[in-house]
Amino acid sequence: MWKILNVFTGLRSKALHVTPRELGFVPVAGAPQVFGVVTDWSLDNGVATITAFVTGDASLYLSSGGGVIGGIEHENVRLAAKSVIDIAATCLELLKPTTGFPLPAAGCTRFSVLSIGINHCAECATIDLTERKHALSPLFFAVQELIGQLRLTK
């Protein structure tokens, strides 16, 4: 179990600390500066981490083991990942600046939005997101769509 957890933690950390340069992202003046979104979704048996990057790459890591990586190879995943990035860029005013990336509390979903200069985050009760009672529900459902597209690549 420790080996699985170490792999999950390592992949999650790498995603949260990737630089725009490593992605080949060149910011354009006047355009949103979001280059990545890492969503941690608390589940009954652990955490699912879903990554989306401006390049169209996306992955799903499960703290219990397993997941899907290499989504960039599939057009459907690239489009869904870019949709997550676009929606996140419109939600920045709903997020707080952050320098830390803890896992969410039980029953919560945490969005970590990576952008040029400063990162942002928000942690919400998942039930509020699923019942569309939170302003970040559109971002949550874009991530759910991305999960669906990643699952089609298996």
Side-chain angles (χ1 to χ4, degrees), residues 5 7-23 25 27 31-64 66-72 74 76-153:
L5 199 51
V7 170
F8 168 79
T9 302
L11 290 170
R12 181 178 177 272
S13 180
K14 185 174 180 177
L16 286 163
H17 294 95
V18 70
T19 66
R21 177 181 235 174
E22 290 170 323
L23 293 173
F25 175 61
Q33 304 299 302
V34 173
F35 63 88
V37 176
V38 178
T39 305
D40 294 304
W41 181 20
S42 174
L43 304 169
D44 290 339
N45 61 342
V47 176
T49 296
I50 306 93
T51 65
F53 295 101
V54 70
T55 57
D57 200 5
S59 295
L60 167 66
Y61 315 131
L62 302 172
S63 65
S64 59
V68 181
I69 60 172
I72 197 168
H74 306 275
N76 60 320
V77 173
R78 288 193 302 271
L79 292 172
K82 289 179 180 180
S83 177
V84 170
I85 296 296
D86 291 344
I87 291 170
T90 68
C91 297
L92 288 178
E93 71 279 354
L94 302 171
L95 304 155
K96 296 178 184 177
T98 190
T99 57
F101 303 106
L103 289 170
C108 292
T109 298
R110 182 179 175 89
F111 300 103
S112 297
V113 178
L114 311 177
S115 60
I116 302 296
I118 190 162
N119 297 319
H120 299 81
C121 73
E123 187 167 316
C124 319
T126 303
I127 191 74
D128 290 343
L129 293 166
T130 61
E131 292 181 357
R132 300 183 190 276
K133 294 179 180 177
H134 197 285
L136 289 172
S137 289
L139 180 56
F140 179 78
F141 282 103
V143 171
Q144 295 302 308
E145 174 64 21
L146 176 56
I147 292 170
Q149 295 305 316
L150 281 165
R151 294 176 96 190
L152 292 174
T153 67

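Both backbone and side-chain heavy atoms feed into the values below; hydrogens, waters and symmetry mates do not. Numbers for residues simply follow the sequence, beginning at 1. Computed from a prediction, not measured in an experiment: that's the story for all the values here.
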Side chains of [X] and [Y] in contact at under 4.5 Å (non-hydrogen atoms):
X: S112; Y: N119; result: no
X: V77; Y: L146; result: yes
X: L95; Y: L136; result: yes
X: Y61; Y: T51; result: yes
X: E145; Y: F141; result: no
X: T55; Y: F25; result: no
X: F101; Y: L114; result: yes

If you apply the rule side-chain contact (heavy atoms from CB on, under 4.5 Å), what do you find for W41 with L129, and how did you get there?
CA-CA 11 Å; W41 181 20; L129 293 166; over 6 Å; no
To the nearest 0.5 Å, what is the distance between [atom1] on [X] and [atom2] on [Y]?
X: Q149; Y: N76; atom1: CD; atom2: CG; value: 4.5 Å
X: F35; Y: R21; atom1: CZ; atom2: CZ; value: 13.0 Å
X: D40; Y: L103; atom1: CG; atom2: CG; value: 5.5 Å
X: L16; Y: T49; atom1: CG; atom2: OG1; value: 7.5 Å
X: T9; Y: L11; atom1: OG1; atom2: CG; value: 9.0 Å
X: F53; Y: I85; atom1: CZ; atom2: CD1; value: 7.5 Å

Give me the atom names and distance for the closest heavy-atom approach of [X] to [Y].
X: P97; Y: I118; result: CB-CD1, 3.3 Å
X: A135; Y: L94; result: CB-CD1, 3.6 Å
X: I72; Y: R78; result: O-NH1, 2.6 Å
X: S42; Y: A106; result: OG-CA, 3.4 Å
X: A81; Y: D57; result: CB-O, 3.9 Å
X: F111; Y: C124; result: CE1-SG, 4.3 Å

For V47 and R12: C-alpha separation, side-chain torsions, deciding distance, then whether side-chain contact (heavy atoms from CB on, under 4.5 Å) applies.
CA-CA 11 Å; V47 176; R12 181 178 177 272; 5.9 Å; no
Is there a donor-acceptor pair closer than 3.5 Å between any side-chain N or O of [X] and the backbone N or O of [Y]?
X: S137; Y: H134; result: yes
X: E123; Y: A105; result: yes
X: D128; Y: K133; result: no

Given F140, which partner from the list T39, T130, I87 fulfils the side chain to side chain contact (heavy atoms under 4.5 Å, CB included) test?
T130
If you count the non-hydrogen atoms of other residues, nucleotides and ligands that lie under 6.0 Å from CG in L23, is the total more than 12?
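Yes, because the 6.0 Å sphere around CG of L23 holds more than 12 heavy atoms from other groups.
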Who pairs with T126 by side chain to side chain donor-acceptor pair (under 3.5 Å), at least two apart in sequence or on another chain?
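Once residues adjacent in sequence are excluded, the partners of T126 under the side chain to side chain donor-acceptor pair (under 3.5 Å) criterion are T109.
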